[in-house]
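Inspection log for the structure reproduced underneath, given as structure tokens.
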Number of protein chains: 2
Amino acid sequence: MPRTSDARQKMIESASVLFRERGVHGTSFADVLAHSGAPRGSVYHHFKGGKTQIAEEALRWTGDMMLAGITAVLDEQEPVAAIEAWCDTWGAVLRESDYAAGCSFVSAVQDGEHEPTARAVAGAVFSDWEDAIASALRGHGAPEERAVPLATLVISAVEGAVVVSRARRSLEPLHRVCGELQLALGTALAQG
Amino acid sequence: MPRTSDARQKMIESASVLFRERGVHGTSFADVLAHSGAPRGSVYHHFKGGKTQIAEEALRWTGDMMLAGITAVLDEQEPVAAIEAWCDTWGAVLRESDYAAGCSFVSAVQDGEHEPTARAVAGAVFSDWEDAIASALRGHGAPEERAVPLATLVISAVEGAVVVSRARRSLEPLHRVCGELQLALGTALAQG
DNA sequence: GTCTATACGAAGATAGAC
DNA sequence: GTCTATCTTCGTATAGAC
């Protein structure tokens, strides 16, 4: 017999997947229910705050998962190699979804006028990622005053490249940005 | 007496403004009419293709305006200085809108599952910008094989930085990315 | 805890008068 | 060319039965 939290967690994970493709504003409860197979009557039982609440929880869950992935790569590889690992992961997401999926947090920012809570979560998630990357850069010889700016550059450039690659339906923009980012970061680390 | 095209052009320009803040999917006809003051009955008279058509035309108009701005800066300044000019412009947009406004084309990509035409326009617009920037970089000593990748990096990083700055309600991410982009581009041009 | 039914509003689109 | 009115669909949210 399934525990009561199973349906709830399934909805969160389905919302996470759908937000990647359609954004928060573009995803309806019907979409989440169809994708998760969760019972229709349980939505407001589990999420009394409605769409705002499920969006907030799904985005936090997504952000934590991605942060874990980012730190796992940083624990095993040099920063320059880590960039390639992240871009490869994004490339797989784009290819396997035929460019339908992207980053939930970019969508959350765009949808912020309708869902301010989602935009706030995106801000917190970006900060978490930035902290993790800046910390790793310091540990690999980056000049102290450039650790945070370089981390911001990496996040911004990769997120932007995913957007451009989706628009063009090609992995080329992502590949190019990956290569240039590696060159820039390699130069900065060599100077430190 | 106003020419017939006045109301039509006003709707396009209003849609352009609203797309920056709410995206294509998040903007309704009512929003466009309220913002433009255009007569309600004229929507389907001017745009028989409905929302898809007005979105396509407004995005093309926006993209052309922005391309003109990009090339104007490139005609007057060195590439490294041009980056600062673009970031300053984006900073003003963010500040004056209290971080409500961003890039229409990022939104258009996110809304692409509902509005595929809008995503296609975004892809074409990004290509136009890339061509203009790559051409200028070639003219300022960039190695031939890096002109396009560097142009893609500039576009991706700036677009990503605008997203992160909106999420965090701070100009800091944009400023940091601006500085790091200038360093990276300066190094690359010196090598050429 | 899950169901059906339904209220309520928003948004896209159409019809026909002026 | 612009108007009002209306149709339809969709999405959020609630009510009450099982």
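Naming: A, B, ... by sequence-line order, numbering from 1 per chain. Note that these values count all heavy atoms, side chains included, but never hydrogens, waters or copies made by symmetry.
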Would you give a per-nucleotide map of nucleotides 11-18 of chain D, 5' to 3', where B means the base has a protein non-hydrogen atom under 4.0 Å away, S means only the sugar-phosphate does, and - means neither?
-> SSBB----
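- Every residue two or more places apart in sequence or in another chain was checked for a side chain to side chain donor-acceptor pair (under 3.5 Å) with A:S165, and none qualifies.
- The main-chain N or O of B:A68 is found under 3.5 Å from a side-chain atom of B:T71 such that the two form a donor-acceptor pair.
- Considering only residues two or more places apart in sequence or on other chains, B:R40 meets the side chain to side chain donor-acceptor pair (under 3.5 Å) condition with none of them.
- Side-chain atoms of A:S16 and A:T62 include a donor-acceptor pair closer than 3.5 Å.
- Of the N and O atoms on the side chains of A:R166 and B:Q110, at least one donor lies less than 3.5 Å from an acceptor on the other residue.
- A donor and an acceptor atom, one from each side chain of B:T52 and B:E115, are located under 3.5 Å apart.
- Between B:L33 atom CG and C:dA11 atom C1' the separation is 12 Å, expressed in whole Å.
- Counting to the nearest Å, the P atom of D:dG1 and the CZ atom of B:F47 are 13 Å from each other.
- A heavy atom lying under 4.0 Å from DNA chain C marks none of the residues of residues 102-113 of chain B.
- Under the rule for a ring pair (Phe, Tyr, Trp, His ring centres under 6.0 Å), B:Y99 has no partner lying at least two apart in sequence or in another chain.
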Give the table of side-chain donor-acceptor pairs shorter than 3.5 Å for residues 122-129 of chain B, with sequence neighbours excluded, one pair per line with atom names and distance.
unit_1 : atom_1 : unit_2 : atom_2 : d
B:S127 : OG     : A:R168 : NE     : 3.3
B:S127 : OG     : A:R168 : NH1    : 3.3
B:S127 : OG     : B:G123 : O      : 3.2

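- Side-chain nitrogen and oxygen atoms of B:H46 include at least one within less than 4.0 Å of the OP1 or OP2 phosphate oxygen of D:dT2.
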